[in-house]
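Notes follow the structure.
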Amino acid sequence: MNGLMNLIYGKAYDAVFKMNGNATFASRFAKMVVFLKQNPNQASYKKGGDPFSDVDIPQMASRFVASRMPQRPSMSATIPDSMVAEILVNFYKVPQQEVDLAIRTHLQAMGAENIIGYLLESYIASVVEPAGWVWCSGSFIKAIDFIKPDAKMLTWKLLQVKNRDNSENSSSAAIRSGTPICKWFRTYSRTGKSNWENFPDSTVLLSEEFFTDFVKKYLSELSGE
């Protein structure tokens with residue numbers, strides 16, 4: 001890295017290290033900030049002015065640290081449309097006395113589905129970060145979930161992770177088009193089969209079995225069991 005990149009790296013490293021004293025986290029955040037400095041068009045965090053100033057780097061660091069904290073599944077607070085109950089009873093033939101339970105179960109399932117992406121990235125990070133990848137947690141970088149620099153942080157491997165083969169929207173696909181960003185997905189939506197064998201780093205061992213074990217342990221620790 002040149003002098004400017006070293007300066008940016010140092011500022012970013014210090015910002016996280018002062019918050020939690022974790023040198024590993026600090027190094028990963030610093031690498032992410034260097035990537036953004038080299039590739040400003042990939043930034044999704046823009047507050048105006050210089051995004052690498054003495055003001056913005058600590059704000060980004062706070063978001064990064066917060067993004068690494070455990071998240072809980074949560075049910076939507078939105079009140080379901082009353083017509084849902086009518087459809088459940090009159091089309092799906094759900095008994096009237098079971099409608100409230102069916103709706104609550106649906107909301108719980110939606111809450112579970114909404115956290116799968118976070119759990120997937122957390123699991124992958126737990127395996128690939130020791131191998132040199134950086135999980136781009138904190139939503140700073142567009143259409144990229146993991147980056148891996150070379151030794152001098154001059155060239156980068158870029159990876160976008162999706163839970164299913166049909167879970168990418170058109171805007172995300174458009175951002176990736178014409179770029180070196182590699183896309184990988186966990187499961188095939190029509191068969192349910194997993195796609196771990198095609199993960200674009202053959203040096204790490206990832207599997208559906210290990211992911212399941214990771215999620216069970218994660219949720220057990222959240223619930224205190």
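Heavy-atom basis, side chains included; hydrogens, waters and symmetry copies ignored.
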Inset, instruction - Indicate, with yes or no, if M75 and L119 share a hydrophobic cluster defined by side-chain heavy-atom contacts under 4.5 Å among Ile, Leu, Val, Met, Phe, Trp and Tyr. - result: no

Inset, instruction - Give the minimum heavy-atom separation between A102 and L88, together with the two atoms involved. - result: CB-CD1, 4.3 Å

Inset, instruction - Locate the shortest heavy-atom distance separating I115 from P73; write the atom from each residue and the value. - result: CD1-N, 3.4 Å

Inset, instruction - Give a yes or no on whether L219 and L107 share a hydrophobic cluster (residues Ile, Leu, Val, Met, Phe, Trp, Tyr; joining criterion: side-chain heavy atoms under 4.5 Å apart). - result: no

Legend entry - Sidechain-backbone polar pair: S220 side chain, K216 backbone, donor-acceptor under 3.5 Å: no

Legend entry - Pair D150 + K157, salt bridge at N-O below 4.0 Å: no

Legend entry - Shortest non-hydrogen separation from Y13 to A23 and the atoms involved: OH-CB, 3.2 Å

Legend entry - Sub-4.5 Å side-chain heavy-atom contact between P149 and T155: no

Legend entry - Shared hydrophobic cluster for I116 and F210 (ILVMFWY, side-chain gaps under 4.5 Å): no

Inset, instruction - Could you walk me through whether K11 and I57 pass the side-chain contact (heavy atoms from CB on, under 4.5 Å) test, one step at a time? - result: CA-CA 7 Å; K11 285 184 177 181; I57 282 182; 3.9 Å; yes

Inset, instruction - Assess whether atom CD of E113 is packed by more than 12 heavy atoms of other residues, nucleotides or ligands within 6.0 Å. - result: no

Inset, instruction - Enter the distance from M5:CE to F35:CZ here, rounded to the nearest 0.5 Å. - result: 12.5 Å

Inset, instruction - Mind listing the closest non-hydrogen atom pair of S137 and M32 along with its distance? - result: O-CE, 3.7 Å

Inset, instruction - Flag the pair W196 / Y123 as yes when their ring centroid distance falls below 6.0 Å, and as no otherwise. - result: yes

Inset, instruction - Examine the side chains of R164 and S189 and answer whether a donor and an acceptor come within less than 3.5 Å of each other. - result: no

Inset, instruction - Could you pull out the closest heavy-atom pair between I147 and K31, with the gap in Å? - result: CD1-O, 4.3 Å

Legend entry - From I141 atom CD1 to Q42 atom CD, the distance as rounded to the nearest 0.5 Å: 8.0 Å

Legend entry - Pairwise distance SG(C182) to CZ(F146) - rounded to 0.5 angstrom: 12.5 Å

Inset, instruction - Answer yes if M83 and L101 sit in the same cluster of Ile, Leu, Val, Met, Phe, Trp and Tyr residues linked by side chain heavy atoms under 4.5 Å apart, and no otherwise. - result: no

Inset, instruction - Output the distance between atom CD1 (I103) and atom CD (Q108), rounded to the nearest 0.5 Å. - result: 12.5 Å

Legend entry - SG-CD distance between C136 and Q160, expressed to the nearest 0.5 angstrom: 11.0 Å

Legend entry - Side-chain donor or acceptor of R63 paired with backbone N/O of S139 under 3.5 Å: yes

Inset, instruction - Check whether any side-chain heavy atom of L159 lies under 4.5 Å from a side-chain heavy atom of I124, and answer yes or no. - result: no

Legend entry - Verdict with supporting geometry, L120 and F211, side-chain contact (heavy atoms from CB on, under 4.5 Å): CA-CA 8 Å; L120 177 61; F211 179 39; 4.1 Å; yes

Inset, instruction - Using atom types as modelled and distance alone, determine if a side-chain donor or acceptor of N22 lies under 3.5 Å from a backbone N or O of F25. - result: yes

Legend entry - Heavy-atom side-chain contact between W184 and N195 under 4.5 Å: yes

Legend entry - Non-hydrogen side-chain atoms of V204 and P130 separated by less than 4.5 Å: no

Inset, instruction - Identify the heavy atoms of N90 and K93 that sit nearest to each other, and give their distance. - result: O-NZ, 3.1 Å

Legend entry - Same cluster (ILVMFWY, side-chain, under 4.5 Å), L4 and F29: yes

Legend entry - Distance-only donor-acceptor check, side chains Y9 and S27, under 3.5 Å: yes

Inset, instruction - Report the relative orientation of the aromatic rings in Y188 and F185; use parallel for angles under 30°, tilted for 30 to 60°, perpendicular for over 60°. - result: perpendicular

Legend entry - Basic-acidic side-chain contact under 4.0 Å: R68, E129: yes

Legend entry - Point-to-point distance, once rounded to the nearest 0.5 Å, from OG of S44 to CD1 of I144: 9.5 Å

Inset, instruction - Take F214 and S122, measure what side-chain contact (heavy atoms from CB on, under 4.5 Å) needs, and give me the verdict at the end. - result: CA-CA 9 Å; F214 175 89; S122 297; 3.9 Å; yes

Legend entry - Stepwise side-chain contact (heavy atoms from CB on, under 4.5 Å) check, N20 with V65: CA-CA 8 Å; N20 63 7; V65 171; 4.3 Å; yes

Inset, instruction - Might you work through the salt bridge (charged side-chain N to carboxylate O under 4.0 Å, His left out) test for D201 and K148, ending with a clear yes or no? - result: CA-CA 11 Å; D201 187 340; K148 185 177 183 180; 3.8 Å; yes

